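For reference, the structure is listed below as structure tokens.
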Amino acid sequence: MLYTKNVSTSRRDEMKDITREVQQVVRDSGVQNGTVLIYCPHTTAGIAINENADPDVKHDVLLRLNEVYPWEHPEYRHAEGNTASHLKSITTGPSQTVIIHEGRLLLGRWQGIYFCEFDGPRQREYFLKIMEG
């Protein structure tokens with residue numbers, strides 16, 4: 001089963017918690033045991049799993065990514081001027097896979113799933129592929 005979800009971002013760099021949306025799709029699918037692949041088809045965004053209890057974690061992650069990959073660098077060559085967003089996307093990766101157990105996402109107590117925007121604001125989409133078994 002393949003599902004498409006839309007997400008609006010409001011800042012250049014943003015981590016949007018999509019855990020509830022993913023859980024709802026899993027619940028609606030009726031799959032009790034299997035996996036869900038969360039996939040981002042964009043080259044300047046990614047999918048991550050990390051802590052979702054303390055909002056300062058998102059701040060700190062984005063702060064450090066901006067330090068490692070500054071928006072402007074004298075040796076960047078990419079004509080669109082968004083090399084940093086591509087580098088951040090490579091770092092987070094385009095997808096995550098989560099186990100479905102008894103109809104629920106098998107995440108750790110403090111874990112959440114994030115759509116990571118690195119070149120916003122934009123209208124984006126991500127895909128969920130649910131596999132039973």
Side-chain angles (χ1 to χ4, degrees):
M1 294 172 262
L2 181 65
Y3 302 86
T4 303
K5 297 295 286 180
N6 296 304
V7 60
S8 282
T9 62
S10 59
R11 293 185 298 277
R12 182 171 70 195
D13 293 309
E14 182 175 1
M15 292 175 68
K16 293 199 76 151
D17 188 344
I18 59 171
T19 311
R20 286 187 182 140
E21 291 84 0
V22 174
Q23 179 60 60
Q24 187 62 52
V25 170
V26 167
R27 188 176 298 117
D28 292 347
S29 77
V31 171
Q32 290 299 299
N33 295 291
T35 56
V36 58
L37 173 70
I38 305 103
Y39 174 73
C40 171
H42 306 287
T43 61
T44 57
I47 302 292
I49 295 176
N50 212 297
E51 180 177 331
N52 70 349
D54 181 351
D56 288 337
V57 171
K58 293 188 299 186
H59 171 272
D60 295 350
V61 168
L62 293 174
L63 176 74
R64 186 65 178 132
L65 284 172
N66 284 327
E67 290 173 353
V68 173
Y69 306 118
W71 192 254
E72 294 181 14
H73 189 284
E75 295 195 35
Y76 286 163
R77 293 183 182 180
H78 183 45
E80 290 180 22
N82 62 351
T83 295
S85 61
H86 290 283
L87 295 168
K88 292 172 189 178
S89 174
I90 289 168
T91 299
T92 59
S95 65
Q96 295 288 327
T97 303
V98 179
I99 295 168
I100 301 167
H101 180 69
E102 297 178 353
R104 297 193 48 81
L105 298 172
L106 190 60
L107 292 169
R109 173 179 289 185
W110 308 114
Q111 286 182 319
I113 305 166
Y114 290 97
F115 183 93
C116 302
E117 174 65 75
F118 301 121
D119 196 21
R122 293 185 186 235
Q123 295 295 316
R124 300 285 202 167
E125 66 183 4
Y126 61 94
F127 299 102
L128 303 171
K129 175 69 174 174
I130 298 177
M131 296 153 281
E132 200 164 3

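What you see is a predicted model; the values in this text were computed from it and never measured.
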For Glu125 and Asn6, the nearest pair of non-hydrogen atoms, with its separation, is CB-OD1, 3.8 Å
OG1 of Thr43 to CZ of Phe118: how many Å apart, nearest 0.5 Å?
12.0 Å
Polar side-chain atom of His42 near backbone of Thr44 as donor-acceptor pair, under 3.5 Å
no
Quick check: do Ile18 and Lys5 have side-chain heavy atoms less than 4.5 Å from each other?
no
Among Arg11, Arg124, Lys16, exactly one meets side chain to side chain donor-acceptor pair (under 3.5 Å) together with Glu117. Which residue is that?
Arg124
Contact between Val36 and Lys129 at the side-chain level, heavy atoms closer than 4.5 Å - yes or no?
no
Side chains of Lys88 and Asn66 in contact at under 4.5 Å (non-hydrogen atoms):
yes
Could you walk me through whether Thr83 and Arg77 pass side-chain contact (heavy atoms from CB on, under 4.5 Å), step by step?
CA-CA 8 Å; Thr83 295; Arg77 293 183 182 180; over 6 Å; no
Looking at every non-hydrogen atom in both residues, tell me the closest pair between Ala45 and Ser89 and how far apart they are.
O-OG, 2.8 Å
Pairwise side-chain contact, Ile47 with Phe115, heavy-atom cut-off 4.5 Å (strictly under)
yes
Using modelled atom types only, decide if a donor and an acceptor are shared between the side chain of Gln23 and the backbone of Gly103 within a distance under 3.5 Å.
yes
If you take all heavy atoms of Thr92 and Gly46, which pair is closest and at what distance?
OG1-CA, 3.5 Å
Which pair of heavy atoms, one from Asp13 and one from Leu62, lies closest together, and at what distance?
O-CD1, 3.9 Å
Between Phe127 and Tyr39, what is the ring plane arrangement, given parallel below 30°, perpendicular above 60°, and tilted in between?
parallel
Looking at side-chain heavy atoms only, is the closest gap between Ile113 and Leu105 below 4.5 Å?
yes
Side chains of Met1 and Val31 in contact at under 4.5 Å (non-hydrogen atoms):
yes
Contact between Tyr76 and Leu87 at the side-chain level, heavy atoms closer than 4.5 Å - yes or no?
yes
Verify the distance criterion only: is there a donor paired with an acceptor across the side chains of Thr91 and Tyr69 at less than 3.5 Å?
yes
Short side-chain donor-acceptor distance under 3.5 Å, Asn50 and Lys58:
no
For Ile130 and Val26, the nearest pair of non-hydrogen atoms, with its separation, is CD1-CA, 3.9 Å
Locate the shortest heavy-atom distance separating Cys116 from Met15; write the atom from each residue and the value.
SG-CG, 4.0 Å
Do Glu102 and Arg104 have side-chain heavy atoms sitting under 4.5 Å apart?
no
